[in-house]
**Student:** 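Here it is, the structure in full.
Values below: all heavy atoms of this structure, side chains included; hydrogens, waters and symmetry mates excluded. Per chain, numbering begins at 1; letters A, B, ... match sequence-line order.
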Number of protein chains: 2
Amino acid sequence: MSGGARGETEYLEAYRASDWPRPSVAVDLVVFTVLDTDLKVLVIRRKVHPFKDAWALPGGFVRVGDGAADRGEDIFAAAQRELAEETGLDPATMYLEQLYTFGAPHRDPRMRVISVAHYALVRPTLAPLVTAGTDAAAVRWRSVAAEADEPLAFDHAEILAHALDRVRGKLDYAPIAFELVPETFTVAELRSVYEAIKGTTYDAGNFRRRFKRMQTDGVIVQAPGKRTTGTKPARVYRFAPEAVAGVSGDDA
Amino acid sequence: MSGGARGETEYLEAYRASDWPRPSVAVDLVVFTVLDTDLKVLVIRRKVHPFKDAWALPGGFVRVGDGAADRGEDIFAAAQRELAEETGLDPATMYLEQLYTFGAPHRDPRMRVISVAHYALVRPTLAPLVTAGTDAAAVRWRSVAAEADEPLAFDHAEILAHALDRVRGKLDYAPIAFELVPETFTVAELRSVYEAIKGTTYDAGNFRRRFKRMQTDGVIVQAPGKRTTGTKPARVYRFAPEAVAGVSGDDA
DNA sequence: AGAATAGTGTCTATCAGACACTATGCA
DNA sequence: TGCATAGTGTCTGATAGACACTATTCT
């Protein structure tokens, strides 16, 4: 900082801006997993008003410090914290990425809330371990396909639709499907994840060819052992993240 | 709303949230155009602290109303308003889309500011008409290739890098190049926009083939007249937005 | 032996990159 | 007439969809 006339200008500018009304800023989370070859999203039953007892996406307010010394937490850190709180899982084990920011003036009946939505991908092996956070009466993995289900609170249906678009689009050019299978997986298992996300079927032979290309590209390597599925056992593979650029999660 | 015990819970919840410190929320704009076959970004010279006299991306605070009656403006509306203020152009003539939200705790030295970055595309025919807004000492179209240029204020270099990634990626699957040519254009003109954005060259013959596919798909239609360029005149075409789904701009 | 899934190979259409070639208007 | 750009055509390699086929294991 500086003093004198510059300092005065600076002070006035800071005063002006901080004197205007400010919105609350939240993060909302669209947490996906694949269970029983079906794409699921994590919903919680709200304990408090508004939308008490309704299903909603997990989320919470970004911690903003008061003043110059404490500036609060980063937005991505807030999303990680909420993800941990609302699932009981270690956020380092999940893929997390910022999605879109929703800020319609009346999206929250209480007050002006701007929500930075994120989406997360949880391995099916971890999905059954989620536990309800303190602000939730219950958590549930809800099928994304279940349109006729109970409506979601706030504008969460719109946020979910956005997240679906993003994941479906990103599936074609980014290695995100690997976040939704166990550490080791078969060709058929990876295919079923693609099918669950896209909502279509993939030809088994053609998908295998694509799979093989990823193998020759070094994205996938064979893992020891086989998976027995009641019929001919299948080879298992492992994702090789070291061969892929930009797998860090949030790209900001 | 409701009364009684529910009302009390509701009140307490609202009180709690609104009593916490809140951040200022801004919109920043990455405004692109193509001039002289070069991709340019609009920068302003700051009039006030912090970063006084430095180049920065245009932007401003989102107007947030005070209380239940006035809730302020929508985020997209704020971006449109800033776009109009900072360019002097009608925002309806430009493509505008939300990009990413930046909220590192110390990205603004004054206070906690969360910025919802957007990017805009301006036709080269309109680009020379931009005028500086009230908070800018000057505006300039700056080449994005000019790495060795003066640094940008705040985290605006990072925002610009994000916007470049988005535009370059989206160019391949969305009809955004049409936002950067005049109403009617030749094959070569559209190709030079692709080249300016991607920073590479395209084979003229192959690009023409791609162009023709868009024509048979109804995305492009021939327009009357020819463009004379000092040599053999070229046919001119027009974008046919009615044939393309999802050209609305912001997709929220 | 039969069912079911794992795994392979082929044909075809589409599209991109490389590149040779023709057509036309202006200096 | 020559040059520069407009515009056309061809060859090749990579990939996706459709689909027929073989291989292996469990019951």
**Student:** Does the pair B/F239 and B/F185 meet the rule for a ring pair (Phe, Tyr, Trp, His ring centres under 6.0 Å), with working shown?
**Tutor:** CA-CA 9 Å; B/F239 177 50; B/F185 50 88; 8.0 Å; no
**Student:** Whole angstroms only, please: what is the CG-P distance between A/L190 and C/dG7?
**Tutor:**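 It works out to 13 Å between those atoms.
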**Student:** What does nucleotides 16-24 of chain C look like as a protein-contact string, B for base, S for sugar-phosphate only, - for none, at under 4.0 angstrom between heavy atoms?
**Tutor:** BBBB---BB
**Student:** Over its full length, what angle do the end axes of the helix from C/dA1-D/dT27 to C/dA27-D/dT1 make, each axis taken from five pairs and the result rounded to 10 degrees?
**Tutor:** 10°
**Student:** Of all heavy-atom pairs between B/L83 and B/T87, which one has the smallest distance, and what is that distance?
**Tutor:**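 Heavy-atom minimum between the residues: O-OG1, 2.6 Å.
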**Student:** Can you tell me the distance, in whole Å, between the CD atom of A/E189 and the P atom of C/dT5?
**Tutor:**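 Whole-Å distance recorded here is 14 Å.
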**Student:** Under 4.0 Å, counting only non-hydrogen atoms across every strand here, what does A/K212 touch: a base, just sugar-phosphate, or nothing?
**Tutor:** sugar-phosphate
**Student:** Is it true that B/D74 and A/R107 have a side-chain N and a carboxylate O under 4.0 angstrom from each other?
**Tutor:** no
**Student:** With DNA chain D as reference, determine whether B/R235 or A/T228 sits nearer its 5' end, using the nearest nucleotide of each.
**Tutor:**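 Mapping each residue to its closest nucleotide by heavy atoms, the 5'-most match is B/R235.
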**Student:** Is it the case that B/T186 and B/R191 place a side-chain donor and acceptor less than 3.5 Å from each other?
**Tutor:** no
**Student:** Take atom CZ of B/R208 and atom C1' of D/dT10, then tell me their distance rounded to the nearest Å.
**Tutor:** 16 Å
**Student:** Write down the atom of B/T125, the atom of B/P128, and the distance for their closest heavy-atom approach.
**Tutor:**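 Here B/T125 and B/P128 meet closest at O-CD, 3.7 Å.
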**Student:** For residues A/T101 and B/T101, is any side-chain donor paired with an opposing acceptor at under 3.5 Å?
**Tutor:**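 A pair is found: one side chain offers a donor N or O, the other an acceptor, under 3.5 Å apart.
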**Student:** So, is the end of the B/R46 side chain (NZ or CZ) under 6.0 Å from the ring centre of B/W55 and within 45° of the ring's axis?
**Tutor:** no
**Student:** Is it true that, when you exclude A/Q222 itself, more than 12 heavy atoms of the residues, nucleotides or ligands shown sit nearer than 6.0 Å to its CD?
**Tutor:** yes
**Student:** Measure CZ/A/R227 against C1'/D/dT24 and give the value in whole Å, please.
**Tutor:** 18 Å
**Student:** When the distance from CG of B/D217 to C1' of C/dC15 is rounded to whole Å, what number comes out?
**Tutor:**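 Atom-to-atom, B/D217 to C/dC15, this comes out as 13 Å.
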